[in-house]
Amino acid sequence: MKPLSRSYYLRPTLQIAQELLGKYFIRRIGKNLLIGKIVEVEAYRSNDPASHSFRGKTNRNSVMFCEGGHLYVYFTYGMHFCVNIVTGKEGIGEAVLIRAVEPLVGIEMMKTNRYGSNKSLNLHSLNRKSLINLTNGPAKFCQAFGIARQENGLDLLESEISITDGDHIPPKLIKRSSRIGIQQGVEKKWRFFIKGNPWVSK
DNA sequence: ACCATGATCCGCT
DNA sequence: GCGGATCATGGTT
């Protein structure tokens, strides 16, 4: 499968956010492969008080102002990373936060990344609850896919991380709501998710 | 002081 | 099993 093209990421952010649902987020680590189906996202736009880009470019958010198709990874709450797909032309400062994926390939490595290599713990994590807990939140997804500071600024068109076409999601299954965990911009319904998918965060 | 979170604890069905 | 409160932990403004 070929990575989505540059022009894909240069379209309106709200449109990209919805269309990313069902796409495959792919990471190669050596000869290992991790694949997750995107099931929940949020759009963050310029002139959007909830967006990291709202107060202009800083050292932390500078990648958000790159050309669309790059990864913006940020550190939050003293211990977590979250990852966004930068959208739009260079200098705009918009992005789509990946909030949850459904794990498809590389589940053993995701378990190790989330729960460690302790064998008894991994056996315990075979149950359904632990499978869902792998990637049903933005920081959980990052941990499962080993995404941290090093991945900030990676280009989805020429790095070990890419996004490809995936499953077609019937429009009836795409729902929207307010974004999670913000204080400003609550009135904007810019969270999009696949209705009924077990990996959508609560 | 705040923060685009997650894990755990506690009281209740 | 649940839902709500609390805490862990450090970078940013």
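Computed from a predicted model, the values in this text were never measured in an experiment. Each chain gets a letter, A, B and so on, in the order the sequences are listed, and its residues count up from 1.
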ask   = How are the rings of A/Phe75 and A/Phe81 set to each other: parallel, tilted or perpendicular (split at 30° and 60°)?
value = tilted
Main-chain N/O of [Y] paired to [X] side chain as donor or acceptor, under 3.5 Å:
X: A/Arg179; Y: A/Gly185; result: yes
X: A/Thr112; Y: A/Glu108; result: yes
X: A/Arg27; Y: A/Gly146; result: yes
X: A/Asn84; Y: A/Ala95; result: no
X: A/Asn136; Y: A/Trp199; result: no
X: A/Thr13; Y: A/Ala43; result: no

Using atom [atom1] of [X] as one end and atom [atom2] of [N] as the other, report the distance to the nearest whole Å.
X: A/Met64; N: C/dT12; atom1: CE; atom2: C1'; result: 15 Å
X: A/Phe54; N: C/dT13; atom1: CZ; atom2: P; result: 14 Å
X: A/Ile132; N: B/dA7; atom1: CD1; atom2: P; result: 14 Å
X: A/His52; N: B/dT5; atom1: NE2; atom2: C1'; result: 12 Å
X: A/Arg179; N: B/dC3; atom1: CZ; atom2: P; result: 14 Å
X: A/Asn59; N: C/dG10; atom1: CG; atom2: C1'; result: 16 Å
X: A/Phe75; N: C/dA8; atom1: CZ; atom2: C1'; result: 11 Å
X: A/Gln184; N: B/dC2; atom1: CD; atom2: P; result: 12 Å

message = If you assign each of A/His80 and A/Arg55 to its closest nucleotide in DNA chain C, which residue comes earlier from the 5' end?
response =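 Upstream on the strand: A/His80.
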Where the side chain of [X] is defined as all heavy atoms beyond and including C-beta, which of [options] is the nearest nucleotide?
X: A/Ile182; options: B/dT5, C/dA8, B/dA4; value: B/dA4
X: A/Leu97; options: B/dA4, C/dA8, B/dA7; value: B/dA4
X: A/Met79; options: C/dT9, B/dC3, B/dA7; value: C/dT9
X: A/Ser51; options: B/dA4, B/dC3, B/dT5; value: B/dA4
X: A/Asn84; options: B/dA4, B/dA7, C/dG11; value: B/dA4
X: A/Arg149; options: C/dG11, B/dT5, B/dC3; value: C/dG11
X: A/Tyr72; options: B/dT5, B/dA4, C/dA8; value: B/dA4

Within the pair [X] and [N], is there a side-chain N or O less than 4.0 Å away from OP1 or OP2?
X: A/Lys129; N: C/dG1; answer: no
X: A/Arg45; N: B/dA4; answer: no
X: A/Arg114; N: B/dG6; answer: no
X: A/Asn133; N: B/dG6; answer: no
X: A/Thr58; N: C/dT13; answer: yes

request  = Note every stem involving DNA chain B: at least three consecutive Watson-Crick or G-U wobble pairs, i with j then i+1 with j-1, with both distances under 3.5 Å.
outcome  = B:1-3 with C:10-12, B:5-12 with C:1-8
task = Could you grab the distance from atom NE2 of A/His70 to atom CD1 of A/Ile85, nearest 0.5 Å is fine?
result =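 A/His70 NE2 to A/Ile85 CD1: 11.5 Å, rounded to 0.5 Å.
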query = How far does NZ of A/Lys189 sit from CZ of A/Arg176, to the nearest 0.5 angstrom?
reply =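 Those atoms lie 9.0 Å apart.
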Face-to-face stacking of A/Tyr77 with B/dC3, centres under 5.5 angstrom, angle under 30° =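 Here the ring of A/Tyr77 and the base of B/dC3 are stacked, with centres under 5.5 Å and planes under 30°.
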message = Classify A/Ala50 by what it touches in the nucleic acid, base, sugar-phosphate, or nothing, heavy-atom distance under 4.0 Å.
response =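 Touches a base.
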message = Is there, by distance only and without an angle test, a donor paired with an acceptor across the side chain of A/Tyr74 and the base of B/dA4 below 3.5 Å?
response =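 A donor-acceptor contact between them is present.
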